[in-house]
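To start, the structure itself, in C-alpha cells.
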There are 2 protein chains.
Amino acid sequence: MSTLLDTCAHGLMETTPKIMQSIRMEMRLGHGSDLSIPQFRTLRFIQRSPDSSLSDLADHLGLTLPSVSKLVDGLVKQAFVSRQESSTDRRRLTLVLTKTGETIINSARASALAHLARTLGSLSNEDLKTIHQALELLNPLFISHGRQKLAKV
Amino acid sequence: MSTLLDTCAHGLMETTPKIMQSIRMEMRLGHGSDLSIPQFRTLRFIQRSPDSSLSDLADHLGLTLPSVSKLVDGLVKQAFVSRQESSTDRRRLTLVLTKTGETIINSARASALAHLARTLGSLSNEDLKTIHQALELLNPLFISHGRQKLAKV
DNA sequence: TATTGTTATACTCTATAACTATA
DNA sequence: TATAGTTATAGAGTATAACAATA
C-alpha cells in the first residue's frame, strides 16, 4: 500500500523521459554541431577523466565494449577524440580530447545548462531548493552498474 | 550569479540520464519481451488515449511522423498494436492496442514501477515527500512541444 | 493547397557473436 | 586462459526528402 513510494515511482516514469527529451533537443538545436546524449556523456567523461581506456568508458556509460567502440568511432571521425596507445599495456588505449572536442563539449554543455536554467527560471528559490534536495537524494541511488551483459534467452 | 539555479541545472544533467538508463535496463531485463522507452511510451499513450491518430502520437512523443510511423511498424509487427482506418477521415488511422499489447504494457509497467520503488526503498518518508514535490514542480515545465522540425543548416 | 501517412535513405545507439592481439 | 578492443551483423531510434491519397 506504500502510496508515497508508488507515487514517486510513477512520477519518475512520467517526468524523466520528458526532461531527457528536452536536453536531447537542446543538444541538437542549441549550438552548431549536434551531439547525441551518449556522445555528450562520452566527451564529458574523457574531459573529466583523462587517459581513460575504452573499458573505463564502457563501465561509466553502462554499455558494452562494441557499442562504445562504435560510439568512439563516430567521435574520432569528427575529430573530437583521438585514440592513443597506452604505454604500459599494449592492449589498452587511451582516450584523449582534441582541441576541437574540448571546444565542442564546453559549448554544448554551456548551451544545455543555459537552456535548463531558462526552463527552471520561473521557479522560486524555495522550489529550487526542493529540487536540489531531491536530486541530491536521487543521484546516489542511480549508479552506473558497469557494462551490460544481458541474460541469454 | 544565480548559483542555485545553476546547481539544479547541473544536477538534472547529471542525474536524469542515470535514471533513464536504469528504467531502460529494467524495460529490457525485467520481464519477458523487452520494450524500448519509445515503444513503452507509445503503448502507454494508446492505452490512455484510445483511437488516437499517428499525428496525435507524434505530437505526444515530440517526434516526426516518419519516425513514429516506423516505431508503430515495429509494434504492429510484434502484434502489440493494430492500425485501423478512421471512419470520418480516410487519411487518418486509428491506433488500437491488441490484447497482447495490453498484457505487455501492463506487465512492463508494473515491473518498471516495482524496480523504481525498490530503488527508492531506502529513503525515508520525508525524503520521498521532497522527491514527490520536486517532481510535481518539474513535470509541468517539461511539456512535449509537438513534432520536431529541425532548422535547416 | 494543406494534411495524413508511407517509403527511401542515412545517421546514431545498442546488442551478440566471432575475431585479433596482448598479458 | 583471460582481458582489451575491433569487426560483422542486426534491429531500434531519429531525421530529411520525396511521395501518395485525401480533404
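In this text the structure is predicted, and so the values were computed from the model without any measurement. Numbered from 1 within each chain, the chains take letters A, B, ... in sequence-line order. Computation of the quantities below employed the complete heavy-atom set of this structure, encompassing side-chain atoms and omitting hydrogens, waters and symmetry-equivalent molecules.
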Just by modelled atom types, is the [Y] backbone N or O under 3.5 Å from a matching donor or acceptor in the [X] side chain?
{"X": "Thr7(A)", "Y": "Thr3(A)", "answer": "yes"}
{"X": "Thr98(B)", "Y": "Ala79(B)", "answer": "yes"}
{"X": "His10(A)", "Y": "Asp6(A)", "answer": "yes"}
{"X": "Thr16(B)", "Y": "Met13(B)", "answer": "no"}
{"X": "Ser52(A)", "Y": "Ser49(A)", "answer": "yes"}

Without decimals, in angstroms, what is the distance between [X] [atom1] and [N] [atom2]?
{"X": "Gln84(B)", "N": "dG5(C)", "atom1": "CD", "atom2": "P", "answer": "14 Å"}
{"X": "Leu57(A)", "N": "dG5(D)", "atom1": "CG", "atom2": "P", "answer": "10 Å"}
{"X": "Asp59(A)", "N": "dA4(D)", "atom1": "CG", "atom2": "P", "answer": "9 Å"}
{"X": "Arg92(B)", "N": "dG5(C)", "atom1": "CZ", "atom2": "P", "answer": "6 Å"}
{"X": "Asp34(B)", "N": "dG11(D)", "atom1": "CG", "atom2": "C1'", "answer": "11 Å"}
{"X": "Asp73(B)", "N": "dG11(D)", "atom1": "CG", "atom2": "C1'", "answer": "13 Å"}
{"X": "Met27(A)", "N": "dA15(D)", "atom1": "CE", "atom2": "P", "answer": "16 Å"}
{"X": "Ile37(A)", "N": "dT14(C)", "atom1": "CD1", "atom2": "P", "answer": "10 Å"}

Q: Considering just the side-chain nitrogens and oxygens of Ser69(A), establish if one lies under 4.0 Å of OP1 or OP2 belonging to dG5(D).
A: no

(Q) Does dA15(D) have its OP1 or OP2 closer than 4.0 Å to a side-chain nitrogen or oxygen of Thr64(B)? (A) yes

Residue [X], side-chain heavy atoms: nucleotide from [options] that is nearest:
{"X": "Pro66(A)", "options": "dT6(C), dA15(D), dA8(D)", "value": "dA8(D)"}
{"X": "Ser53(A)", "options": "dT14(C), dT14(D), dG5(D)", "value": "dG5(D)"}
{"X": "Leu93(B)", "options": "dT16(C), dG5(D), dG5(C)", "value": "dG5(C)"}
{"X": "Gln39(B)", "options": "dA12(D), dG5(D), dT14(C)", "value": "dA12(D)"}
{"X": "Ser55(B)", "options": "dT4(C), dA15(C), dT6(D)", "value": "dT4(C)"}

Q. Quick one: do Arg83(A) and Asp73(A) make a salt bridge, cutoff under 4.0 Å?
A. yes

(Q) Do the side chains of Asp34(A) and Arg24(A) get close enough for a salt bridge, i.e. N-O under 4.0 angstrom? (A)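 A salt bridge is absent here (no side-chain N lies under 4.0 Å from a carboxylate O).
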
Can you tabulate the close N/O pairs, meaning under 3.5 Å, that link protein atoms to atoms of nucleotides 21-23 of chain C?
residue: dT22(C); atom: OP1; partner: Arg90(A); partner atom: NH2; Å: 3.1
residue: dT22(C); atom: O2; partner: Arg91(A); partner atom: NH1; Å: 3.4
residue: dA23(C); atom: OP1; partner: Arg90(A); partner atom: N; Å: 3.0

Q: Given side-chain hydrogen bond (donor to acceptor under 3.5 Å, both in side chains), test Arg48(B) with His60(B) step by step and report yes or no.
A: CA-CA 12 Å; Arg48(B) 289 201 285 194; His60(B) 173 75; 5.4 Å; no

Q: Check if the side chain of Lys70(B) and the base of dT14(D) share a donor-acceptor pair of N or O atoms closer than 3.5 Å.
A: yes

Identify whether any heavy atom of [X] sits under 4.0 Å from a base atom; if not, whether one sits that close to sugar-phosphate; answer base, sugar-phosphate or nothing.
{"X": "Leu54(B)", "result": "sugar-phosphate"}
{"X": "Arg83(A)", "result": "sugar-phosphate"}
{"X": "Leu71(B)", "result": "sugar-phosphate"}

